[in-house]
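Note that the numbering runs from 1 along the sequence shown for the chain.
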Amino acid sequence: MQQDALVYPDPAKQERYDRAYMRMALEWAKLSHCRRKQVGALIVKDGMLISDGYNGTPTGFPNACEDENGLTLWYVLHAEANAIMKVARSTNDARGSTLYLTHSPCKECSKLILQAGIRRLVYLHPYKDPSGLELLERGGVVLLHLDPDLA
């Protein structure tokens, strides 16, 4: 059974919650040790926050995300990947959920989003390559780009 992408039938109430969760994702992004870009992610299902994540290195690695030239290290995990992996370690699942992401996903993370069953993506800043968003749209994920000035 495919769950409706909206949690609240009242669009004004949905927008208030979307903006509130995005503000939380922005706060979560501040936990990242990455210097080039700090990204935050929240997964919400049935009106409950079920997971969170931010970009950074794998557990047990030094927190530095960039090399001496300022380039992102290849093994840095994206915020949405961290959030999805956290759900995978729990007793919950992301089917039918909404992902709040401060930056739209890359194409690799978009595959994870589809496989996790996330039905809705709310994001602020578009990623340089739109392939991820295009894949999600083809996969039936509802996309909502919030105005960063109003978040």
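- In terms of heavy-atom proximity, Ser32 sits nearest to Gln38 at O-NE2, 2.7 Å.
- A continuous path of Ile, Leu, Val, Met, Phe, Trp and Tyr side chains, each step under 4.5 Å between heavy atoms, connects Trp74 with Phe61, placing both in one hydrophobic cluster.
- Here the CD-CG distance, from Glu80 to Leu101, works out to 4.5 Å after rounding to the nearest 0.5 Å.
- With contacts defined as side-chain heavy-atom distances shorter than 4.5 Å, the pair Val142/Leu121 does not qualify.
- Under a hydrophobic-cluster definition in which Ile, Leu, Val, Met, Phe, Trp and Tyr are linked whenever side-chain heavy atoms come within less than 4.5 Å, directly or via other members, Leu144 and Leu133 are assigned to different clusters.
- Under a 3.5 Å cut-off, the side chain of Glu66 and the backbone N or O of Arg35 do form a donor-acceptor pair.
- Distance OH/Tyr21 to CG/Leu42: 8.5 Å, rounded to 0.5 Å.
- Residues Tyr75 and Pro58 share a closest heavy-atom pair of O-CD, 3.6 Å.
- Salt bridge status for Glu15 with Arg19: present, with a side-chain N to carboxylate O gap under 4.0 Å.
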TODO: Show your reasoning for whether salt bridge (charged side-chain N to carboxylate O under 4.0 Å, His left out) applies to Asp18 and Arg120.
DONE: CA-CA 11 Å; Asp18 286 344; Arg120 188 168 176 262; 2.6 Å; yes
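- Minimum interatomic distance between Thr102 and Leu124 (heavy atoms only, all atoms of both residues): O-CB, 3.3 Å.
- In this structure, Tyr100 and Ala25 approach most closely via the heavy-atom pair O-CB, 4.2 Å.
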Less than 3.5 Å apart, which donor and acceptor atoms pair up between the side chains of residues 108-116 and the rest of the protein, not counting sequence neighbours?
residue : atom : partner : partner atom : Å
Glu108  : OE1  : Lys111  : NZ           : 3.0
Glu108  : OE2  : Lys111  : NZ           : 3.4
Ser110  : OG   : Cys106  : O            : 2.9
Ser110  : OG   : Gly132  : O            : 3.0

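- A donor-acceptor contact shorter than 3.5 Å links the side chain of Asn82 to the backbone of Tyr54.
- From Thr72, atom OG1 reaches atom NZ of Lys37 across 8.0 Å, with rounding to the nearest 0.5 Å.
- Hydrophobic cluster membership is shared by Leu146 and Leu49, with clusters built from Ile, Leu, Val, Met, Phe, Trp and Tyr side chains linked at under 4.5 angstrom.
- Looking at Arg119, its side chain never comes within 3.5 Å of a backbone N or O of Ala94 through a donor-acceptor pair.
- Side-chain N or O atoms of Asp46 include none that pairs as donor or acceptor with a backbone N or O of Met48 at under 3.5 Å.
- Taking CD of Glu27 as the reference point, atom CE of Met24 lies at 10.0 Å (rounded to 0.5 Å).
- Other residues, nucleotides and ligands place more than 12 heavy atoms under 6.0 Å from the NZ atom of Lys86.
- Listed for the Ser51 side chain is a donor-acceptor partner under 3.5 Å among the backbone atoms of Ala83.
- When the side chains of ILVMFWY residues are joined at heavy-atom separations under 4.5 Å, either directly or via intervening members, Val141 and Ile50 end up in a single hydrophobic cluster.
- When the side chains of ILVMFWY residues are joined at heavy-atom separations under 4.5 Å, either directly or via intervening members, Val44 and Ile84 end up in two distinct hydrophobic clusters.
- A distance-only check finds no donor-acceptor pair linking the side chain of Thr57 to the backbone of Val76 [under 3.5 Å].
- In terms of modelled atom types and a separation under 3.5 Å, the side chain of Lys45 and the main chain of Asp93 share a donor-acceptor contact.
- Ser97 places no side-chain N or O within donor-acceptor distance of the main-chain N or O of Ile118, the cut-off being under 3.5 Å.
- Without hydrogens or angle criteria, Asn55 side chain to Val39 main chain gives a donor-acceptor distance under 3.5 Å.
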Open item on the list: One pair to check against side chain to side chain donor-acceptor pair (under 3.5 Å): Asn92 and Ser90. What are the steps and the verdict?
Closed with: CA-CA 5 Å; Asn92 214 331; Ser90 76; 5.6 Å; no
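- With rounding to the nearest 0.5 Å, the separation of CG in Leu99 from CG in Leu143 is 10.5 Å.
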TODO: Show the numbers, then the answer: is there a salt bridge (charged side-chain N to carboxylate O under 4.0 Å, His left out) between Arg138 and Glu134?
DONE: CA-CA 6 Å; Arg138 281 189 11 224; Glu134 292 165 2; over 6 Å; no
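- Using a distance-only test at 3.5 Å, with no hydrogens or angles considered, a donor-acceptor pair links the side chain of Asp67 to the main chain of Asn69.
- With ring centers used as reference points, His103 lies 6.0 Å or more from Tyr123.
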